Amino acid sequence: MLSLKLIIFLIIALLAVSAFAYALNKKIRILALGAKEDRFDHPGERFKNFVVNVLLQGKLLKEYYGFIHLFIFWGFIFICLGEIPFVLEGLFPSVHVPFLGTNPYFFLVKDILSSLVLIGLIIGVIRRWIVRPKRLYRTAEAAIVVILILAVIITEWLTSGAKVALHADSAYSLAFVYNMFAGLYQGYSPETLGAVIEIFWWMHVLILFGFLVYIPNSKHLHLLASPFNSYFGTLKPAGAQIADMDLEAKTLTEYGVGKIENFTWKQLLDSFSCGECGRCMDNCPANISGKPLNPKQLLSRTLKDHLLEKGAVMNKLGIKHADELSAEDLAELTKTDREAAQILQKELIGDIFTRDELWACTTCRACQTLCPVSNEHVNKIIDMRRYEVMNENNYPEELQLAFRNLESKFNPWGISWSERAVWAKDLDVKTMKTAENPEYLFWVGCAGSFDNRAKKVSVATAKILQAAGVDFAILGREEKCCGDFVRKAGNEYLFQLMAKENIGILNNYKVKKIITNCPHCFNTLKNEYPEFGGNFEVIHHTQLINQLIKDGKLKLNNVQLPQQKIVYHDSCYLGRYQQEFDAPRALFKMVPGVQLIEMDRNHDKSFCCGGGGARMWMEENIGERINNLRVEQALAKEPQAIGANCPFCITMLEDGVKDKANPEQNVPVLDPAELIAKML
Amino acid sequence: MLERKEKVEIVVCIKQVPDTTEVKIDPVKNTLIRDGVPSIVNPTDECAAEAAIRIKEQYGGKVTVLAMGPPMAATALRKCLAMGADEAILISDFAFAGADTWATSYSLAKAIEHVGKPDIVFCGKQAIDGDTGQVGPGIAEHLGLSQTTYVQKVREVHDDYLVVERAFEGGFELIKVKLPAVITVDKSIEPRYPSVKGSIKASRSEITTWSAKDIKAAPEKTGLNGSTTQVAQVFNPEVKFWSEMLKGKNEEELCDLLIGKFKEREIL
């Protein structure tokens, strides 16, 4: 016969599990509204990412306080395992769950981990509510979960301590916390202990079920979503993640994403996975410089709230897409359910996410690189830009000029295409037309061809290549913009136009290996052109120069150069996008008299110059200028020069130096090739 | 003011030209070297398309863009479709090859007749490659339409006439021109940047192609046969620079030196 205790327990359990399943089902149905995307390939590789980033918390541990989460994560798993014997023994006192209920080492580990969770929670509370970093939100949700975890741990200790006091089981012999709590009950009669066990057991069970129901209904959905998000995270290289768009497909009538249900299910899962740690906003140049864009707010609040609200209405109406409703349907709905109709009519861009936010992103990838749950922020921005540019014809005016220039002059500066090779007129540089199957093509890029400052780097590179006897040629007038900035601005049409023309020319000359100065060209040629039939081995000039020196092909003279401290700036597109941090640094270190120093934000956490993501061609009217912030960070190290590796960074930082450094303080921004060229 | 009530039928004649900042001429063939030079819509023809599309947007109707040239000229027509033109027609035939302005305007006029009876024919004032400015007026002559050239603005559109500003150096004439008419426009009518959606749609559009036979053009009047002029020679002008720094003690001496130099070179 069922005991009363068991009946009550079963009723509560049934209610709690139902509420949990109901809430979870609602979320899954909302995810199912998203567009299709295949993230089920390469299960082995995906499982590896799951192990590294979920079980081992790899991305979290890149920051030292990531250990707090590591404790809580593993503590939580052991606490959950411990619930099995705890609950069962409470219901059926004679039952002993094998291993979990009998092994003293399990209880030892669980005690250690539970203590670490407790310590972790205390540090977390101190950080969030006393240290108060900007990136952590002090919300009721955050407080509730801390209290719930604390209550789960403590009621379990109080119950188990009483159990030990009542009857010293050998299973608990190593459980030091249990024994410590048993000490609290000294002098209690067995009857009292029995009552204490009952009371705390029930308290524990009720809190546990409360927690279960709370998880899918709060930001702690993170617990359920993020392990899947890590598994389904993109496997593509950092620079090759922009979504394909077949412009020739006749079925394609709407470009980009202008409605939340047009994001893929994985993009929607990102919002559910966000744990609001704020690493993204802590490293976002737009956010730090006072622009309205906040990557954390975007994912965990703006998009999520809209998704939940709109998804619920759509599921209620039984539609997969807001477009399924005609104008008459909507008018009808307005009469019966005004609020639902209003929700369906909200514009993703405009009502939910503002255009100032949308255009503030520099595509620097800091958010995505550092996100511990493998969220993919940048593509969302580009998808929405595509919608604005391609569908709505609504984008910042300055971009139109750059687009026009690209179409008519094949470079964003708008300088005549016929002047592309003028920088090389005094150098004996061959063009592909006259050279005979050279080993390398030197892809100069628009900046290197037209921008007076960047031309100097092109000249230095060409001289170094010549000194090392590298067999290379340039395309000259046949080179066109690689299309990087138009793609990041959402103009996929113009990008594909440029890409296809360039690839046609490159394949016609049977180009295999490409050298480039520009990390943006580098990424586009290497990672984005393969999709359109352009497969090249691309190398950044700093990488090649290192190689030439190593192979003994480039001999450097030991010239006398001034002693100088150079502070190094990683460009986003060579650093985070290609994970190349060492090659430019190595070159600077070879230059006599140079002492290379780092900024506080370096390598993976380098701070964008402000020129990426088509921002180079747009006005920066909101907040502080990103390039000025970066220059301030550089000047704080009191350098004689700033080292860089990207023509756009050089331009942006030089502008910043003009704004921020004293006029008498001449702080040049240098590419390492310019110094190496002095040693020829 | 009596504004137009009826829809407007407009034909815009455009030409695909090489986008060249430094014109190079083939000394043997006497033609422009087009190798490696990208092609564009002749700039004022784009303005003509813009003028037509603006009228259509205001009064309704249809804009047909028309070009004569090799099949690759379809790219230029597509640009105008992207801007908002409704239909594009390319007349392309070996019979049109080697045409001068007279034969070109004849062929275009025949094509316009084949399109129908447009209210307005817009052209750019002149093409940047040939620079004659004669094709627009030629069309008007062939079709027997009224014409106004160098138009900088279309002020009013009525059922049977237009009021336009005809530019000249330092000012403009206000002209009332009877419809149907040929209007050639200058660069004052800023062409729009086509939307990406428009460009994609245009890139997928069919371009109607007509041969000389299709438009019932008389063989003796088209191409080289129909041309009354022939280019004898085209050449790059030889640019001769002469510069010399003169030094003298004072202005008077410098002036004397300068006059001496001028006399030496028979300038004075």
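Chain identifiers are assigned alphabetically (A, B, ...) following the order of the sequence lines, protein sequences preceding nucleic acid strands; residue numbering begins at 1 within each chain. Remember, it's a predicted structure, so these values are computed and weren't measured experimentally.
- Within residues 182-192 of chain B, the residues approaching chain A closer than 4.5 Å by heavy atoms are, in numerical order, B:Glu190, B:Pro191, B:Arg192.
- Residue-level contacts of residues 390-403 of chain A with chain B, in order of numbering, are A:Met390, A:Asn391, A:Asn393, A:Tyr395, A:Gln400, A:Phe403; threshold 4.5 Å between heavy atoms.
- When side chains are defined from C-beta on, B:Leu108 counts as touching B:Ile91, because their heavy atoms get closer than 4.5 Å.
- What you find for B:Cys13 and B:Val121 is that their closest heavy atoms are SG-CG1, 4.0 Å.
- When side chains are defined from C-beta on, A:Thr431 does not count as touching A:Leu475, because their heavy atoms never get closer than 4.5 Å.
- When only modelled atom types and interatomic distance are considered, B:Arg78 and B:Ser203 share no side-chain donor-acceptor pair under 3.5 Å.
- A:Trp617 meets the ring-ring contact (aromatic ring centres under 6.0 Å, His included) test with A:Trp413, A:Phe485; sequence neighbours excluded.
- For the residue pair A:Asn527 / A:Asn523, a side-chain donor-acceptor distance below 3.5 Å is found, with atom types taken as modelled.
- Between B:Lys7 and B:Asp119 there is no salt bridge, since no side-chain nitrogen of the basic residue lies less than 4.0 Å from a carboxylate oxygen of the acidic one.
- Residues A:Lys259 and A:Asn262 bring no donor and acceptor atom of their side chains to less than 3.5 Å of each other.
- Of the charged side-chain nitrogens involved, at least one lies within less than 4.0 Å of a carboxylate oxygen, so that A:Glu528 and A:Lys488 count as a salt-bridged pair.
- Salt-bridge annotation for B:Glu87 and B:Lys62: present, with a side-chain N of the basic residue lying under 4.0 Å from a carboxylate O of the acidic one.
- If you check the side chains of A:Asn502 and A:Glu479, you find no donor sitting under 3.5 Å from an acceptor.
- Listed here is the closest heavy atom pair of A:Ala489 and A:Trp359: O-CH2, 3.3 Å.
- Here the shortest heavy-atom pairing between A:Gly476 and A:Arg420 reads O-CD, 3.3 Å.
- Listed in order of number, the residues of residues 490-500 of chain A that approach chain B to under 4.5 Å between heavy atoms are A:Asn491, A:Tyr493, A:Leu494.
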